[in-house]
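Following: one structure in structure tokens, then a few remarks.
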Amino acid sequence: MRPFVLVGVVCLLLGSAGCGTLTGSGTDDSAEAAARMRKVAEAWEGSEAARAWREGFYPLEDVVRLPDNAFRTDADKLAYLTRNFEHRGTLPRTEREGRIRWADGTSSPAAPMTARETYDLIDEGPEGREDPLTVTKATFGEMTLLTSRGRARVPAWHFTLEGYDSPLVRAAVDPARQPRAPIASLSEATDEGWRLHGLRKVAGDGRSVTVLAGHGGCDGGPAVEVLETRDSVVLRGTVPAADDGPCTKQLLIEPVTVRLDRPLGGRILLDAFTGAPMALGGR
């Protein structure tokens, strides 16, 4: 990649939150990309959608936490990936009250799912399959998750698994519905290289973000451009030019990690193609 930095003179003069530093691959369509990324950032700045996003529960990491040193066997790992569970006894039915406790010391009321509702989210396969993971107990508690509002303590169910010393934990609160983006998605006719294919991880310190980016079978691999502003971080996938000569038409998707100038914090992580936030829902 040929890194570049673009800072508009108007941005320096006005100090707008929609202005920021753009870093990335320096591809031929970089001017068009910069314009789109800035439009996305500016559309969210001070919008009703941004307010709703900052007040809601949007995880930036998996809402399932595996037991320590999981898994003991390949069969157990396969059971988890295929959602092949069974449980012994009766799952608790008591309805619970709960709160999401945010990093700034505030909290929000939550209506946690029951143990059965939460269990059904990790066990979605048909009954009677071979080599399931066996749940022997369910205990109501909390878990810590990285969210769009920083780290938060969230109501969760702790499922004891047969043969494991620590539980499998699943948040008992589902993510809020995403607000409607204040800017339209790009058309399907736009270069496929603009697309990202999901959020993989935000580092614990908030200084790096890993996303899934696509590329072809004959290029140098995917890259991601980043626009950082006061209120948001906008990401866009890029596809390097393919080598000369015949090439099969295929889409390969790989994780790409980008380093931020400062921690993500409460800034909104946005997809330049869709104009919408990037978040994780988990299973």
Side-chain angles (χ1 to χ4, degrees), residues 1 3 22-30 32-41 43-44 49 53 58-64 80-83 121 124 145-148 174-204 206-228 232-243 247-260 264 267-283:
M1 302 194 319
L22 175 67
T23 60
S25 64
T27 52
D28 291 340
D29 63 345
S30 58
E32 182 182 359
R36 168 64 182 181
M37 294 168 82
R38 293 193 189 284
K39 284 181 180 179
V40 170
W44 277 86
W53 177 263
Y58 300 101
L60 296 181
E61 63 180 336
D62 199 342
V63 296
V64 176
Y80 171 73
L81 293 174
T82 57
R83 307 190 186 193
L121 292 174
E124 294 187 353
L145 283 174
L146 181 63
T147 76
S148 60
D174 266 342
R177 178 177 295 181
Q178 285 200 11
R180 183 175 179 178
I183 185 171
S185 175
L186 293 175
S187 108
E188 295 295 330
T190 303
D191 183 353
E192 188 70 25
W194 283 59
R195 289 181 177 276
L196 293 174
H197 298 269
L199 174 64
R200 171 68 68 85
K201 180 181 179 181
V202 177
R207 291 302 300 265
S208 64
V209 176
T210 301
V211 295
L212 297 174
H215 68 105
C218 302
D219 55 44
V224 174
E225 291 180 345
V226 185
L227 171 65
E228 296 194 46
S232 64
V233 174
V234 186
L235 304 178
R236 182 191 82 107
T238 70
V239 176
D243 296 334
C247 182
T248 58
K249 186 176 182 179
Q250 57 185 316
L251 174 64
L252 305 176
I253 298 176
E254 297 180 16
V256 176
T257 299
V258 294
R259 184 77 174 170
L260 304 180
L264 179 63
R267 293 184 293 172
I268 307 172
L269 189 63
L270 298 168
D271 182 337
F273 186 94
T274 64
M278 302 185 72
L280 287 174
R283 60 174 57 187

State which residues pass side chain to side chain contact (heavy atoms under 4.5 Å, CB included) with [X]; sequence neighbours excluded, sorted by chain then number.
{"X": "Arg180", "value": "none"}
{"X": "Thr147", "value": "Phe57, Trp102, Leu145, Arg149, Ala152"}
{"X": "Arg267", "value": "Glu228, Val233, Leu260, Arg262, Leu264"}

Nearest heavy-atom neighbours spanning [X] and [Y]:
{"X": "Ala181", "Y": "Ala276", "result": "CB-CA, 4.2 Å"}
{"X": "Leu270", "Y": "Ser232", "result": "CD1-CB, 3.8 Å"}
{"X": "Ala41", "Y": "Leu227", "result": "CB-CD2, 4.3 Å"}
{"X": "Val40", "Y": "Ala272", "result": "CG2-O, 3.9 Å"}
{"X": "Ala43", "Y": "Ile183", "result": "CB-CB, 3.8 Å"}
{"X": "Met37", "Y": "Glu225", "result": "CE-O, 3.6 Å"}

Let me confirm one number: the [atom1]-[atom2] distance from [X] to [Y], rounded to the nearest 0.5 Å.
{"X": "His197", "Y": "Met278", "atom1": "NE2", "atom2": "CE", "answer": "10.0 Å"}
{"X": "Arg259", "Y": "Arg207", "atom1": "CZ", "atom2": "CZ", "answer": "5.0 Å"}
{"X": "Tyr58", "Y": "Ile268", "atom1": "OH", "atom2": "CD1", "answer": "10.0 Å"}
{"X": "Asp62", "Y": "Arg200", "atom1": "CG", "atom2": "CZ", "answer": "11.0 Å"}
{"X": "Leu235", "Y": "Asp271", "atom1": "CG", "atom2": "CG", "answer": "7.5 Å"}

With sequence neighbours left out, write down each residue that passes ring pair (Phe, Tyr, Trp, His ring centres under 6.0 Å) with Trp44, or none if nothing qualifies.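 By the ring pair (Phe, Tyr, Trp, His ring centres under 6.0 Å) rule, Trp44 matches no residue at all.
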
Of the options Leu146, Thr210, Val211, which is the one that meets Val202 in a side chain to side chain contact (heavy atoms under 4.5 Å, CB included)?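 Result for side chain to side chain contact (heavy atoms under 4.5 Å, CB included) with Val202: Leu146.
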
Any heavy-atom pair between the side chains of Val63 and Leu121 that's under 4.5 Å? no

Using side-chain heavy atoms (C-beta onward) and a distance below 4.5 Å, is Arg36 in contact with Arg236? no

Check side chain to side chain donor-acceptor pair (under 3.5 Å) between Ser208 and all other residues, then give those that pass, not counting sequence neighbours.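 In terms of side chain to side chain donor-acceptor pair (under 3.5 Å), with neighbours along the sequence ignored, Ser208 is linked to no residue.
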
